[in-house]
Amino acid sequence: MARAGLTCLAFGLLVSGCEDSPQPAADPCAPSNDPVVRIGQGVGGAFAPFEDGEEVSLAVAPQGGFGVSVVIRTEGLAAGDDALADVQLDVLIDGETEGAFTLTDAALLCVDGEDGGGLISGAVVGFDPDRYSTNDELVGLDGREAVLDVTVMDGGMAMASVQQTVTIAVGG
Amino acid sequence: MVTVRATVAPLALLLAAGCSQGDPAPFEGESCLSCHEGIEQAHGPIAADRCVVCHGGDPQARSKEDAHVAIPQDWAEIRGDGLPVAPEGFIRDFAPDQLDRLDPAYVQFINPGDIRVVDSTCGTCHPDQVRTMPTSIMTTNAGHYYPTLYMAGLQEDRLAVNGSYPAVDPDCDPSIPGTVCALETLVPPGPDGVRAAIESGDIEAAAYDHYLAKNCNTCHHAGFPRNNSPALYRSTGCSGCHVLYGELGVYEGDDPTLARGTPVHPRRHEITAAIPSEQCATCHFQGGRIGLLFRGIREGGFGEAPPHASPLQRTLYGHTPGYYFDDEDVTNDVDETPPDLHYAAGMHCADCHVGSDVHGDGRIYSSAKYQVDIRCEDCHGTVREAIEPDAEGKFFTRSGRPLPQLALQDGAVVLTGRVDGALHPVAQVADLLAEGGEGTAAMHAAMAPDEDGWSHTDSLTCDTCHTSYNQQCIGCHVSFDLRLEQVDYQTGVSSPGLTRGSRTAYSLEQVLLGQGPDGRVQTVLASQQVQMTAVGAEFFGTADGELLVGSAQGGKFREREGFTANLGFAPFFQHTTTATPRTCDTCHRRDESDAELRRVRGVFGHGTGEFMLQGSEGEQVDGLRFVDENGAPTTTWMHPGTGPVPQDAMAAAIAVILE
């Protein structure tokens, strides 16, 4: 039993079928058996989920650097005023990882309302600056299809991931 | 309805029509609070139910639609398609020109502190501050334009021509150093202008104009920042400083109608003078990076990180996690990039920078170096005398600006912290020297007047020695690529030409000394060492990827008459103050060896050989060199009165060999 309990703890809510897992909750900011992550864009509370192949802006950041600014929405992960999450932000092109960044102890806020759920605003999915250091290397990304791979693990170690295919548009 | 509009406005736009709790409650007088019950009283003198005093709107209306100022019909047209998806009516990422086009009533409804409406809001009680704010460097951002354009040979004088806001000073007096009578916004050439520039063979000026407009316009009080990333959230005008935003840009107050959890909102519906450094850093993370350095944060973005560094795994200022560092080496017990001692003691930017330092004095200054007059000596006195209050017990800077946070208590100078009200003893250098005792021998040797009455402090600014580290940013590669588009943050509109800056290297160890604006020696930083590359596109009649400026070997160094490699250098107060000063051997030789001679000559701008930059002709230029073999300058300096240490003084300092 102890071993089974540890297994459940370790994998959190990721694996469905743990006998003691909680029932799915209506509250999108509460843990559930089937947590979901979506990524998209928007400011001021707007959220437009990325669609497959959608052009997303790879923007030049202030004072050097560049990346795709994304809004992360969750359902079924523990979100709230004091909730924290770790986020893995990867980008892949042709199956190769071209950038990998870890966001630790990010505030996973809870948004009320119809489209409610967890929210992390302004997370930046970037490309490895060592591999994309020159202007030509950066510009070479324009029009490339890439997969944004985002995994969110909440404070209870429950995880959910999304792999979203987008088309990189350098600029904006 | 009066009260709540203020802060609530942006949030209210996200709500469905009507109160979230149902129909408005019965009310008498202004009815805002019937929906926004519980919202914080924004400002002491204004009653909580007097929302319209600041926000406008109809205080007698019985519905949200009637009470709120309507979203202008041209909002979508003004927003255009250059900015991200946003809720209808959202303006908190509008550029200055977009805000100029909006119905002022709506601007006021969203942000009563905006510079366009502030005469009828904040200005009714604070006319002096509101009079000076439009010409303040905080609004004009003038110092971001002229140094770059002057160093590129694109303007004649070291005086501001452009600003992010078209300021005018009708009472200007050009005899006052660094002042101008008016500023105009920088309008980069559009496609036709770019095409004409290419045909004329001179695209460089257009490249610089686009670079400045597209990279330097999000940090001033005339427009919003991008407001899309943690630590970047803020408002405009007076509210840009006096309404506090948290790192996440979410509301934490008690108005039930305001969405919690979604940016962009102030932390609470409050106006305050207790402004923490984090608010200042929403802009001052850029340029000189003082908002980072002051807090002990080192900017990255220079390629591979040091092997044992401690990166901040947070999204900050629009960057990927790990872009910033709080320690260079976690395997030792030394913080190589400590916070400024004032910050470590609980003080904030606003404890020193008050009054005209931030609000301006009505003049249009070409850069912050003219407007900001606070000096270490204003609080800590000189080696010869402590500061003294006037007959009423008030303290002032040398220029006569009040320092209201200073007071005498039991004969000692203390500073009352603006943010937390804590009392901070303010050490007086003269008193420390007079006290004598153990440990003061070095202090005397470094600062006390000698038998001739001379003190190092007569020739050196305090920060020259009392700086724990400086971040030299060496080599600045700017590309202007016509194959792609980018938003112009003056207009909010996307236009051809992606501009991007990247850096070659950094150094936390290399000290450089030069002459500061007051004639004393000061720490110098490599600054704006731009190498430009312009890339063509078929749309403009060139081959895609054709290099129009620069070459495959490197970007083009800026040129002015008499100079070939126009690297930029500027005296700069790093805001990494430490009580433990640099040691004498930082600037003087330890022995007679050639290695020591080379090292110390490097401090005075003879170059170090460590940071070599390659120009467009393949030439190699030392990124930290600004004098020739004889100590004469090899490059123009962007600020009048600044430059290398005068040759005789430099020779004397280099000649010193410590025992």
Side-chain angles (χ1 to χ4, degrees), chain A residues 29 40-48 57 59-69 71 79-81 86-87 89 99 101-114 116-130 133-136 138-139 142 169-172, chain B residues 10-11 13-14 82-87 90 92-93 214-215 218-219 226-230 232 247-250 252 259-264 285-287 289 299 301 303-304 313-315 317-323 477 479 481 483-487 494 498-503 533 535 545:
Chain A
C29 295
Q41 61 165 326
V43 291
F47 179 66
S57 172
V60 174
Q63 201 88 349
F66 49 89
V68 178
S69 180
V71 176
D81 286 353
D86 291 341
V87 184
L89 305 157
F101 298 88
T102 305
L103 182 57
T104 57
D105 290 340
L108 182 55
L109 299 165
C110 180
V111 179
D112 296 327
E114 271 183 30
L119 169 71
I120 297 173
S121 288
V124 177
V125 184
F127 287 80
D128 185 342
D130 290 335
S133 58
T134 70
N135 185 59
D136 277 348
L138 179 62
V139 172
D142 192 53
V170 178
Chain B
L11 301 169
L13 296 170
L14 305 179
L83 301 178
V85 175
F90 184 80
R92 287 180 171 262
D93 55 359
K214 291 175 174 176
N215 284 271
T218 56
C219 275
R226 300 178 199 191
N227 265 338
N228 65 349
S229 170
L232 275 181
E247 182 171 307
L248 301 176
V250 296
E252 299 173 9
R260 302 172 68 93
T262 56
V264 181
F285 72 96
Q286 298 193 84
R289 311 173 186 85
E299 181 185 273
E304 201 165 319
Q313 298 294 6
R314 293 147 63 194
T315 299
Y317 309 112
H319 287 287
T320 48
Y323 194 81
H477 300 277
S479 57
D481 196 320
R483 291 172 291 182
L484 299 163
E485 293 200 345
Q486 188 177 19
V487 172
S494 193
L498 173 70
T499 65
R500 178 190 172 223
S502 61
R503 292 78 64 85
T533 301
V535 185

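Letters A, B, ... are given to chains in the order of the sequence lines, protein chains preceding strands, and every chain is numbered from 1. Please read these numbers as outputs of a predicted model, since none were measured by experiment.
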Among the listed options [options], the residue most often paired with chain A at heavy-atom distances under 4.5 Å:
options: B:Gly82, B:Gly322, B:Gly501, B:Gly303; result: B:Gly303
options: B:Gly545, B:Ala86, B:Ser229; result: B:Ala86
options: B:His477, B:Glu299, B:Arg503; result: B:Glu299
options: B:Arg500, B:Gln486, B:Gln286; result: B:Arg500
options: B:Cys219, B:Gly249, B:Gly261; result: B:Gly261

With only heavy atoms counted, which part of [X] is less than 4.5 Å from chain A, the side chain, the backbone, both or neither?
X: B:Glu304; answer: both
X: B:Asn228; answer: both
X: B:Tyr317; answer: backbone
X: B:Ser479; answer: side chain

Side-chain heavy-atom pair [X], [Y] within 4.5 angstrom cut-off:
X: B:Thr533; Y: A:Asn135; value: no
X: A:Val139; Y: B:Leu484; value: yes
X: A:Leu119; Y: B:Thr262; value: yes
X: A:Val43; Y: B:Arg92; value: no
X: B:Pro321; Y: A:Thr102; value: no

Which atom pair, heavy atoms only, marks the closest approach of [X] to [Y]?
X: A:Ala61; Y: B:Gly318; result: CB-O, 3.5 Å
X: B:Thr499; Y: A:Val60; result: O-CG2, 4.0 Å
X: B:Pro230; Y: A:Gly122; result: CD-O, 3.9 Å

Checklist entry - For the atom pair CD1 (A:Ile120) and OG1 (B:Thr315), what is the distance rounded to the nearest 0.5 Å? => result 8.5 Å
Item to check | Nearest-0.5 Å distance, CG of residue A:Asp81 to CG of residue B:Leu248 | outcome: 10.5 Å
Using non-hydrogen atoms only, which part of [X] is less than 4.5 Å away from chain B: side chain, backbone, both, or neither?
X: A:Ser69; value: side chain
X: A:Thr134; value: backbone
X: A:Leu138; value: side chain

Checklist entry - Among A:Gly67, A:Ala48, A:Gly40, A:Ser121, which residue forms the greatest number of heavy-atom pairs with chain B at distances under 4.5 Å? => result A:Ser121
